[in-house]
Structures are given as C-alpha cells and as structure tokens.
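Okay, so here's the structure we're looking at.
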2 protein chains.
Amino acid sequence: MPMATHDPAVASTAERVEQAALRLFALRGFEGTGIRSIADEAGITLGSLYHYIGTKEDLLDRLMQKSMRGLLDPGREIVETTESPRERIVKLVELHVRRHAEDNLLSIVGDAEIRSLTPARRRKAVALRDAYEALWEETISDGSRRGDFHVPDVKLATFALLEMCSGVAYWYSSNGRLSLDAITKAFVEMALSLLGVEPPVTQPDARPGGGRRRGVHP
Amino acid sequence: MPMATHDPAVASTAERVEQAALRLFALRGFEGTGIRSIADEAGITLGSLYHYIGTKEDLLDRLMQKSMRGLLDPGREIVETTESPRERIVKLVELHVRRHAEDNLLSIVGDAEIRSLTPARRRKAVALRDAYEALWEETISDGSRRGDFHVPDVKLATFALLEMCSGVAYWYSSNGRLSLDAITKAFVEMALSLLGVEPPVTQPDARPGGGRRRGVHP
DNA sequence: CTATAGCGATCGATCGACCGATTGATGGAC
DNA sequence: GTCCATCAATCGGTCGATCGATCGCTATAG
C-alpha cells in the first residue's frame, strides 16, 4: 500500500526512511540508533524497512556520501573559478557555514560518524574529507605565500578554521537570535581576522547573553 | 589475586579499567563499546569488571566529571586571578589547548559523549560545560567592552574559539611535526588575531604538507 | 468486461548473536 | 577465619537481519 505517493505534502517512504535515519543518527549517533527506531520514526514496520535499505550501514554510507559531496563538489567549483586566495577563503567559509547551518543534521553525521563505517567505506569517506580539507589548505597556503594571509602555521590554521566553522552545526537554529546571513558574515569576518588579513577592525559588540544553544543534544 | 598492586610499572586494576574504558569510549564511542571489550582491554573477565564499576554509565559519568572538572577548575582559577581580558584569554586558550592535546582521549569523551548520559547526569554535565563556556564568554565580553577585542558578536566568537581549540584533541600526536609548545603558541596567536587584538603580524609560513592526522579515528 | 498473473510494498514472526548485568563458587592474603 | 578479588556460567532483553505470507495495484489475455 504505497499510500499518497502523489501527495506532495508527505514525502515518499524512501525519503521518510532517509530523513528518519538522519535525525536519529544525528541525535543519538549511529551505534546508539536501533533499526526499530528508524522504522518507527519513518512510520513503517521493521520488516518493511528492509525493502528500502540493504543494511543499517548502507543507510549511514549514503548519508555520509551526501554530506561529503555537498561540501567537496561546490568547494572544487569555488577553487577552480576563484583566483584570489582571499576571495576563495571567503567563499569556502560561506559554503561551509551555510551548509553546517542549513543541513546541520547531515553535517553532524558527516563529521562525527566516519568512525562508525567499516574500513573499506571509511577509507572512501576519509579520502573525500581529506580532498575537501586540501582545498582549504591550498588556499591558505597560497594566500600565505602571496602575503595576503599571515598565520603561524598553514596546517594549524586550516584545522582551526575548519573546526570553528563546523561547530555551527551543533548550535544553529533557524529561529535563533541571529539570521543565517548575519552568522555567515560574522564567521567570514572572524576567519579573515584569524588569517591576519589587513583591517581587523570591526565595530565592537559587547552585548552579553541572548541566543539559543545546542539545538541537537541539549 | 590482586597482582602487583605495589608494582609501579603496572597500574592498579581500577586504574586499568578506567583507562580501558577511556580508550574505547574515545575510539568507538560509548554506545559502540561493549562491556566485554572493556574487560578485555583491562585484562580481566567480565565478572571481575563489576567489582570495580556500578554500571557502564557510571564509568562514563566518572570520566565525564573528570574531563569537565579538569577544565572548569583551572579555568575559574585563571579568571579569578587574572585581571586583563587579554591575559585571561591567553591563559584560557593555553589551558584548553594543552588539555585537549595531553588528555586528548578524555577531552574527546567529555566533548562528544554528553548525549550518551541519561537525563539527570546529562543535566549536571551540561551545567558544568555551560559554566566553563561562560568563563570564555565573560572574558570576551569584558575585552570587547574595554576595546581590547573587536569581534562581530561575542557569543559567536566564544563558540568559534572554543570549537577551534577543541579540535586539537582529534589530530594531536605527541610525535607529530610540531611540539605541544609550538601548537599552543600558534593557537594563542590565532585566537588573539581572531579577537582583533592589535598587531596581527606574525612571520608568514607557506610550507605545505607534513605533519600527522587524526590520531584517534583515522 | 472479466480473469489472472505479476509486482512492489507491507506485515508479523522469528533467527542467532550480542548486550548489560547478576550470581555463586573459588582461592589467596592477612 | 574473614575478606577481597577473581572467575565461569548464566540471566532476560535487545540487536541487526531474514523469511514467508498477504495486500493492492496494474498489465494483459481471453
């Protein structure tokens, strides 16, 4: 009974399965999520679940690929089409922050669950992640060589930048204190400042408090 | 047979149990770790394990408290004894980075496994974490009000700084390319630069490559 | 128009394996 | 003789995964 496949208000069962797995993997982790919970969340029974997935790990692997590709492909596009390291890093930060905010669940799974993959699949995921990080490292290295950036160490700056932008996924909420545009702009400013780009001057802001925290594991 | 309790070369069984749990929780996560694995890693049988722990979650809770206390207590000491926001943030970054490097496994567990605690214990852990983060936020807020720091938003800067320093736990290796002192110094520089502290000038470094990656989940 | 064969989707029941946790017996130390 | 540490054996429950049956739909043969 494939009910309401034509109803746009309800996603297809296959999509609901993927969304259910994504929510639960992000919230409780891959190992902490049972297949029965996934079936429940998707509104089907356990037996039916296996008409849509091969194994539980297949489900994780698909989400992981999606997460990685969503960063790597646009990242390559940026690097190929943008000449100046300064503009490149701005676009990379914008891409990374926006995706970690808008697709925060997928980003959390992509960042935190590589270890749950079996070796063969983990190797592929690690290769994608390394390729993406290499885009940042090249950019920061180029910018340092040209004298646009001034960092104590290229690799450390790469890790620091990536990590600080990834954190957005854990606290972003669409109805939080700041708009996504404002957050993105602020992270671009902080990234450029960290990289030692010329004017570190922004108007000060000393208002404390406010804002939401940790939308995913509170 | 409490073998060699007096032998300083071999830790006590209780300590070996805690270390075993720490290693496995950091490597595979709490839910991904079985109690039989912990017993194996500690060199005892499953039955014996339960002479040292109450439940598996007790073990996690103890590690979590240890992790949080190791940041919060010295953090408070720093904030109480250091006047200038600039010096305070330098010491906080040094503390955070050093601990996330030297006690990287404990830091990983403390940062990533809060979600695995049951509600009552999770609340306490979250309270400790929030108190620690508040030290950073106060410091950055004070510095911004005085005009020492220039950030687009205090709370965003707090999250960004904390997250970038926490990342160290995932790639630090004691026999890596850079010494812990060098890493700490670099992170202090990057943090001050991100905060818009006066001279962003450091000697450039454009050497690519080298160094180790992801000691924990490779 | 009806009959029926095929098909994808769904279900309840069940598999062996592993989970966290408990128990009672054994043995050495003091 | 008491006590603490250790063990093998075992508990009930849950895990991921499979199976055979059934349901509604659609295409086609008569």
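Not measured: the values here are computed from a predicted model. All chains are named by letter (A, B, ...) in the order of the sequence lines, taking the proteins before the strands, and each is independently numbered beginning at 1.
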Summary of ring pair (Phe, Tyr, Trp, His ring centres under 6.0 Å) pairs that have at least one residue in residues 39-65 of chain B, sequence neighbours excluded: none
Which residues pass the side chain to side chain donor-acceptor pair (under 3.5 Å) test with [X], not counting sequence neighbours?
{"X": "A/Lys91", "value": "A/Thr82"}
{"X": "B/Ser116", "value": "B/Glu113"}
{"X": "B/Arg69", "value": "B/Asp73"}

So, using side-chain contact (heavy atoms from CB on, under 4.5 Å) as the criterion, who are the partners of [X] when residues are at least two apart?
{"X": "B/Thr81", "result": "B/Glu77"}
{"X": "B/Ala21", "result": "B/Phe25, B/Ile38, B/Leu59, B/Leu63"}
{"X": "A/Ser166", "result": "A/His96, A/His100, A/Asp111"}
{"X": "B/Thr118", "result": "B/Glu57, B/Arg121"}

Between the side chain of A/Thr139 and the main-chain N/O of A/Pro85, is any donor-acceptor distance below 3.5 Å?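 No, the answer is negative, given that no donor and acceptor are paired below the 3.5 Å cut-off.
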Please give, in whole Å, the distance from [N] [atom2] to [X] [atom1]?
{"X": "B/Leu49", "N": "D/dA9", "atom1": "CG", "atom2": "C1'", "value": "16 Å"}
{"X": "B/Ile38", "N": "C/dC19", "atom1": "CD1", "atom2": "C1'", "value": "12 Å"}
{"X": "B/Tyr52", "N": "D/dT6", "atom1": "OH", "atom2": "C1'", "value": "8 Å"}

Five pairs per end, C1' atoms only: what is the angle between the end axes of the helix from C/dC1-D/dG30 to C/dC30-D/dG1, to 10 degrees? 10°
Nucleic acid contacts - residues 58-65 of chain B versus DNA chain C, non-hydrogen atoms under 4.0 Å: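 Contacts with DNA chain C under 4.0 Å: none.
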Walk along nucleotides 17-22 of chain D from 5' to 3' and tag each nucleotide B, S or - by protein heavy-atom contact under 4.0 Å, base first, then sugar-phosphate. BB----
Could I get the full list of salt bridge (charged side-chain N to carboxylate O under 4.0 Å, His left out) partners for A/Lys66, not counting sequence neighbours? A/Glu18
Heavy atoms under 4.0 Å, any strand shown: does B/Thr33 hit a base, just sugar-phosphate, or nothing?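 Counting heavy atoms under 4.0 Å across all strands, the contact made by B/Thr33 is with sugar-phosphate only.
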